[in-house]
Amino acid sequence: MDRSRYTRSGRVVQRVAAPPKPKAPIWLPALAFTLAMLLAALAAVWFPAAAQDRPLSADFPEVYRVGGLDAPDWALFSDSGDLAFDGAGRLHYLDVEASQVVVIGPDGELIRTVGRQGGGPGEFSAPTGLVVWRDGHFVVADMRHRAYQVFGPDGELVRFVRMGEQDDLLSGIDGMRILQRPDPHGTGLLAQGAPTGVGNLLGNLGQLLGMQEREAERTGVDEYGVERIDLSGDVAVSEAVLQGWRMTREEVEALSQNDVQNTRRVADKVIGELFADLHLAPRFHWDVLPDGTIAYTDSSTYEIKLAEAGGGPVVEVLRRPHAPEAVDRRIRSRVIEHEIRELELANEGLAGESDNELAAALLSAFINSSREQIENRPFFTEVPVVRAIRAAWAGALWIQRRGVDPWDDDGPIDVFGSDRSYVGTYDPGDTGMPAAFGPDGLAAFWEFDELDVPSIVVKRLPVEVR
């Protein structure tokens, strides 16, 4: 179409043809549509969960609570020990200080206590872990006994299972495992391997004391792996089922007989083993679902891997669009400052605890060595996103993310339903992670009053997060 340019008087001074508008290639709309569909498909694969958190209400109805200052003797809980439900809704609590298991009924009333301090069968010397099967059987790991004691639903001792054939230090590592769960397909346990640093220290100590080393007899699973422990015989038998990824640990020189006379050398060895990993290194978090599937994460990213029952291949990965934060100078400075502050608070709490001169010197050496490790230890490149994984009773997965600070483990909690779909997210100010999940939506939480006196509060969860 032609267009004219006019003077103010309206006389035509020039008449030109308007330049044609550029036409889009005929294939461009099809390409744009195809790219949009491709991006949507890739997003569905990479981030199958919702792009934003879907808030969930944590207004769970309370079923009962026990504990507190005015509680009966059996409910004067000494610490926040292991909690676990059985299929009848009975809650089991391992009271480490009282050396007993407290069994609480669905109405919040005491059913029985099991065990006492002692060295015989059915008695506990240094209980370190409690596992409960759905049929009501339960087991207590006792490090000093170096045994698993298996009890029936009536509280009677069924079996006394030794942790190892030999009576040495390493045979007790099983009692110090980070996490243990009942094997849904048997009478054994699924357990996270013992900390590498602790094993190295005990092995070194055993050599110094002239004890036989049993390293070759171990399964090789460390704190980044899971093994099955068969409790059907007189001696526990371990079998590796899953080993996650971990960074190579820094080698720490073993102690010699001469080093034992030097308190600082002993402190450097102990702290070096316990702090051998990088600052903010990804941890191994896991739990087992009712069908035996193992859900775990072994990286800094939001990837929950689902491995077939028995430690088979990974068959599915759950993701959410929460990327790990890169570690920069500011984060490094904040983390070091925080850990030194925590060390100083611990030191203040221990000050004056011992009048023994050697013990005081060793404590001082530990503090100084710890400070050096904190200040000089390298950092991982990212702040890990996932900080805890818990499997609910009916198959939902609760995934806790980091909080605001890099060291804060109490962040928002995402829930994936039993069908692996994203349900929503609980705000950390509304609820913490349950200490135990039970049938019919039961969930046990620890609560502490202003004097830090603990209570157990049992609530009922909605169907979609069970």
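Quick caveat, the model's predicted, so the values are computed rather than measured. Keep in mind that the numbers below use all heavy atoms, side chains included, and drop hydrogens, waters and symmetry copies.
With a 6.0 Å cutoff to the six-membered ring centre and a 45° limit on the axis angle, Arg320 counts as a cation-pi contact of Tyr422.
With Val139 as the fixed residue, the side chain to side chain contact (heavy atoms under 4.5 Å, CB included) test singles out one of Val158, Val132, Leu189: Leu189. Checking Trp133, Phe160, Phe138 one by one against Phe151, the ring pair (Phe, Tyr, Trp, His ring centres under 6.0 Å) holds for a single residue, Phe138.
Expressed to the nearest 0.5 Å, how far CD of Glu227 lies from CD of Gln180 amounts to 9.5 Å. Atoms OG1 and CG, from Thr113 and Asp95 in turn, are 10.0 Å apart once rounded to the nearest 0.5 Å. Between the CD atom of Glu62 and the CZ atom of Phe445 there is a distance of 11.0 Å, given to the nearest 0.5 Å. Taken from CD1 in Ile304 to CD1 in Ile399, the straight-line distance is 4.0 Å, to the nearest 0.5 Å. The CG atom of Asp287 sits 9.5 Å away from atom CG of Leu190, with the distance rounded to the nearest 0.5 Å.
Looking only at atom types and distance, the side chain of Asp230 has a donor-acceptor partner in the side chain of Ser232 under 3.5 Å away. Inspection of the Asp408 and His338 side chains reveals no N or O donor paired with an N or O acceptor under 3.5 Å. Counted by atom type alone, Ser125 and Asp142 present zero donor-acceptor pairs between their side chains at under 3.5 Å.
A pairwise comparison of heavy atoms in Leu289 and Ala396 identifies CD2-O, 4.3 Å as the closest pair. When all heavy atoms of Leu91 and Ala436 are compared, the pair lying nearest together is CD1-CB, 4.5 Å. The shortest non-hydrogen separation linking Arg390 to Pro434 is NH1-O, 3.2 Å. The minimum heavy-atom distance linking Ala394 with Pro290 is given by the pair C-CG, 4.1 Å. The minimum heavy-atom distance between Val63 and Pro106, with the atom names listed, is CG1-O, 4.1 Å. Closest heavy-atom contact between Arg466 and Gly441: NE-CA, 3.2 Å.
The environment of CG in Asp59 is sparse: at most 12 heavy-atom neighbours from other residues, nucleotides or ligands sit within 6.0 Å. More than 12 heavy atoms of other residues, nucleotides or ligands shown are found within 6.0 angstrom of CZ on Arg112. Within a 6.0 Å sphere centred on CG of Asp107, other residues, nucleotides and ligands contribute more than 12 heavy atoms. For Arg334, the CZ atom counts as densely surrounded, since its 6.0 Å shell holds more than 12 non-hydrogen atoms of other residues, nucleotides or ligands. Counting heavy-atom neighbours within 6.0 Å of Asp430 CG, excluding the residue itself, gives a total above 12.
Arg371 is listed as a side-chain neighbour of Glu344, based on a closest heavy-atom distance under 4.5 Å. No side-chain heavy atom of Tyr148 sits under 4.5 Å from any side-chain heavy atom of Val131. Looking at Arg90 and Pro153, their side chains come closer than 4.5 Å, going by heavy atoms from C-beta outward. With a 4.5 Å cut-off on side-chain heavy atoms, Gln192 and Glu223 count as touching. For the pair Leu306/Arg420, a side-chain contact is recorded, criterion being any heavy-atom separation below 4.5 Å from C-beta on. Using a 4.5 Å cut-off on side-chain heavy atoms (C-beta onward), Asp53 and Arg401 make contact. Within the 4.5 Å cutoff, no side-chain heavy atoms of Arg246 are placed close to those of Asp298. Contact of the Thr187 side chain with the Leu231 side chain is not registered, since no non-hydrogen atoms from C-beta on lie closer than 4.5 Å.
Ser455 places a side-chain N or O within 3.5 Å of a backbone atom of Gly68 that can act as its donor or acceptor partner. No side-chain donor-acceptor contact under 3.5 Å links His145 to the backbone of Ala126. Formation of a donor-acceptor pair under 3.5 Å by the Arg283 side chain with backbone atoms of Arg387 is not found in this model. The closest donor-acceptor contact from the side chain of Asp291 to the backbone of Thr293 lies under 3.5 Å. For the pair Arg116 (side chain) and Ser99 (backbone), a donor-acceptor distance under 3.5 Å is absent. The backbone N or O of Gly119 lies less than 3.5 Å from a partner atom in the side chain of Glu123, making a donor-acceptor pair. Counting only distance, with no hydrogens or angles, the side chain of Gln149 and the backbone of Gly122 share a donor-acceptor pair below 3.5 Å.
Residues Tyr93 and Trp446 place their aromatic rings such that the two centres sit under 6.0 Å apart.
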Q: Test side-chain contact (heavy atoms from CB on, under 4.5 Å) on Ile331 and Leu280 and set out the steps.
A: CA-CA 10 Å; Ile331 289 178; Leu280 299 178; 4.1 Å; yes
Q | Criterion side-chain contact (heavy atoms from CB on, under 4.5 Å) on Trp74 and Val66, from CA distance to verdict | A | CA-CA 10 Å; Trp74 64 267; Val66 290; 3.9 Å; yes
Q) Going through the distances and angles, do Gln400 and His285 end up as a side-chain contact (heavy atoms from CB on, under 4.5 Å)? A) CA-CA 10 Å; Gln400 188 154 36; His285 303 289; over 6 Å; no
Q | Residue pair Phe124, Val101: steps toward the side-chain contact (heavy atoms from CB on, under 4.5 Å) verdict | A | CA-CA 10 Å; Phe124 307 132; Val101 174; 4.3 Å; yes
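Sorted by first then second residue, the ring pair (Phe, Tyr, Trp, His ring centres under 6.0 Å) pairs that include residues 287-311, not counting sequence neighbours, are Phe284-Tyr296.
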